[in-house]
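Just so we're on the same page: letters track the sequence lines, and every chain starts at 1.
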Amino acid sequence: MRIADDIWHRVRKLREAIEQHNYNYYALDAPTIPDAEYDKLFQELQELEQHYPQLITPDSPTQRIGAAPLKAFSQIVHRMPMLSLGNAFKAAEVDAFDRRVRQTLGVDSVEYAVEPKFDGLAVSLCYEGGIFITGATRGDGYIGEDVTLNLRTIRSIPLQLQADGYSARSPVFMEVRGEVLMLKADFEKLNRQQREKNEKEFINPRNAAAGSLRQLDPGNTATRRLTFLAYGIGACEGGNVPRDKHSRVMDYLASLRFPVARERNVVSGATALLEYHREIEELRERLPYDIDGTVYKVNDLAQQEKLGFVSRAPRFAVAHKFPAQEAVTELLGIDVQVGRTGTLTPVARLKPVFVGGVTVTNATLHNEDEIRRKDVMIGDTVAVRRAGDVIPEVVAVQKEKRPPHAKFFIMPEHCPVCGAKAVRLPGEAVTRCTGGLFCPAQRKQAILHFASRRAMNIDGVGHKLVEQLVDNAIIRTPADLYKLGITALATLGRMAEKSAGNVIGAIQKSKNTTLARFIYALGIRNVGETTAKDLARYFGALDRLMEADAEDLQQVPDIGPVVAQSIASFFAEGHNREVIEQLRAGGVRWEEGAGTQQAKADSSAGLSRLSGKTFVLTGTLMNLTREDAREKIEALGGKVAGSVSKRTDYVVAGTDAGSKYHRAVELGIAILDEAGLLQLLQDSQGGLHSTSRNL
DNA sequence: CAGCCTCGAGTTCT
DNA sequence: CTCGAGGCTG
């Protein structure tokens with residue numbers, strides 16, 4: 001059926017009007033028509049589209065909601081990583097930041113783009129040819145969760161970019177970086193509704209926003225009013241995106257109708273930064289959204305590039321945080337917890353107190369020294385804050401309020417769980433239970449670690465189940481997991497047959513693993529994920545690792561006498577060897593190889609040009625994530641190190657390469673760009689089939 | 001031998 | 001996320 005031009009025209013008009021009103025309302029905070037009027041336009045559009053479904057396009061405002069619920073979020077790789085910012089809390093730290101920047105750039109004064117630091121969830125929005133395609137959470141900075149459908153329901157996110165004052169044509173590709181948050185007013189409204197429905201209230205706008213964005217059913221997200229605020233651009237191709245100043249990039253984003261902070265500004269010098277911070281702090285209460293500080297970025301993009309990055313944070317920007325909010329409460333007692341390696345950790349039990357958005361009841365006291373340093377006694381009145389915004393911490397004791405019956409804490413001489421002697425070695429801060437695996441606490445933790453995601457990755461074997469299995473003497477070691485039958489699980493009563501079946505299934509599935517995961521899963525002291533990988537790569541086979549003495553072990557890069565000794569002692573223990581035997585007999589298996597130990601010798605035979613070569617990755621790669629690049633290099637026998645030294649063979653420099661690049665130049669080390677790396681990888685594959693380039 | 005960087009381990013709450 | 005410690009570099 002052909003659609004009359006006037007209907008087509010009307011639909012287009014309606015869409016434009018609705019997006020314009022969305023923009024006025026959400027980005028400018030200046031609606032020009034009453035809500036009822038807006039609803040009428042929306043309804044008319046919906047009716048027309050219902051009537052003529054062929055008119056529906058994904059960028060229609062009616063299509064913001066509409067997809068069916070998901071089962072799980074899939075992953076999205078950020079083209080340019082979403083790094084975190086360094087923090088400053090005090091004026092002196094801001095001064096130091098400015099001084100460093102000036103020194104590196106060799107100038108007297110630096111211009112900064114400044115803005116409030118929104119307290120929400122960082123997301124990255126991908127636009128292709130001006131159309132909103134996908135959006136993802138920050139995740140680990142490299143890979144995030146695909147929350148496109150939920151983001152589409154946020155009306156301040158443009159589904160299609162308008163032509164703008166800079167360019168009539170949209171960038172071919174653009175990642176827009178910003179924060180999803182809930183306005184204070186919308187948060188109050190949501191909680192009122194939750195209260196009326198007798199459902200749980202949210203603790204703060206940030207949690208409400210996070211909960212809403214992580215809904216699997218976009219329909220749910222749509223009922224919560226979320227807002228987006230842009231603060232920058234990630235990877236980008238084409239279009240007339242400004243390349244000179246960050247402030248111009250922000251103006252550009254605003255011209256594309258992205259909401260940006262109205263309080264943004266450009267200032268010069270450290271004094272002006274502190275002045276801005278003070279102004280924003282004064283404004284804080286009156287802002288429509290929560291913030292947790294201010295952000296300062298070197299405005300000149302060429303200067304930004306010159307400053308580069310240190311490990312995971314840019315050197316050209318810093319987050320100046322407001323002091324963490326503190327609350328005062330009572331310390332009711334100090335419990336002692338036993339960790340996987342037998343560490344005894346004193347934990348403060350607090351009278352519940354609301355601080356930094358959550359109710360805190362526990363706070364770690366780390367160790368005995370820490371308790372002495374802070375002079376904490378049971379019964380004290382203490383100030384508590386959430387350090388780094390997450391982990392609660394006892395800041396100080398109000399000694400004038402100390403009651404006469406306050407009790408001095410003494411670290412127990414015996415493990416509170418198994419009763420074995422607790423020892424504190426000279427020079428060490430921690431006290432450890434000597435019960436080893438006879439201590440049920442350590443045994444439980446060891447099994448939990450074995451099953452954890454990064455180790456054997458057994459779903460469903462969590463805290464509670466392990467507790468029950470060990471307490472009821474159903475299992476004693478990780479190897480016993482593989483002997484579990486469905487009937488054994490059923491004796492626990494609580495567990496339905498189906499979920500028991502799931503657990504058994506997950507255990508079976510975990511039998512196929514890798515040597516690196518297996519080594520990590522063993523829980524050898526001082527051997528984490530990275531060291532486990534190093535060991536697996538070097539030895540290639542478990543037996544060779546088990547036979548190695550401390551001296552052999554120190555041949556492995558990054559392993560010194562301490563770690564070597566931990567490993568050797570672990571395998572010297574008959575009990576550990578027995579568990580490993582049982583695991584193998586129980587069907588746990590992995591692929592073994594020659595290891596680089598041997599590969600090093602035959603690299604001259606041309607097996608792989610990369611064996612024994614050390615790479616350092618820096619900057620952002622376009623078509624590979626660092627993880628990909630790392631895997632590919634390692635697959636061919638190369639090693640990826642963190643920092644450049646004269647022992648480095650190649651530095652792979654992406655865009656925004658920083659200090660490592662400069663160091664490589666200084667040291668005269670071969671520098672590859674991404675294409676060069678891919679070429680090298682391909683050439684080095686020799687007789688192997690070339691893998692798909694994945695471009 | 002000092003300083004830098006990376007890794008391991010422990011921790012809270014939803 | 002943060003701290004402490006181990007390992008490497010200069």
Problem set entry | Nearest-neighbour nucleotide for the A:V563 side chain, B:dT11, C:dG6, B:dC7 considered |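 Looking only at side-chain atoms, A:V563 lies closest to C:dG6.
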Exercise. Looking at the side chain of A:P392, which of B:dG10, C:dG6, B:dT12 is the nearest nucleotide?
Worked result: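 Output: B:dT12.
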Problem set entry | Donor-acceptor pair, side chain of A:T329 and main chain of A:K351, under 3.5 angstrom |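 It does hold such a pair.
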Hey, is the side chain of [X] poking within less than 4.0 Å of OP1 or OP2 on [N], counting only N and O atoms?
X	N	result
A:T531	B:dG8	yes
A:N362	B:dC13	yes
A:R525	B:dA9	no
A:T341	B:dG8	no
A:T361	B:dC13	yes
A:Q337	B:dT11	yes
A:T364	B:dT12	no
A:T530	B:dT6	no

For this session: Send over the distance from A:D369 CG to C:dG4 C1', rounded to a whole Å.
Result: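 These atoms are roughly 12 Å apart.
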Problem set entry | Whole-Å distance separating the CZ atom of A:R432 from the P atom of C:dG4 |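 After rounding, the gap between these two atoms is 14 Å.
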Exercise. When all nucleic acid strands are considered with a 4.0 Å heavy-atom cut-off, which category describes A:V430: base, sugar-phosphate, or nothing?
Worked result: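 No contact.
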Problem set entry | Sequence neighbours excluded, every pair satisfying ring-ring contact (aromatic ring centres under 6.0 Å, His included) that has a member inside residues 415-449 of chain A |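 Listed once each, the pairs are A:H449-A:Y520.
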Exercise. Does the ring center of A:F118 lie less than 6.0 Å from the ring center of A:Y289?
Worked result: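 Centroid distance A:F118-A:Y289: below 6.0 Å, so yes.
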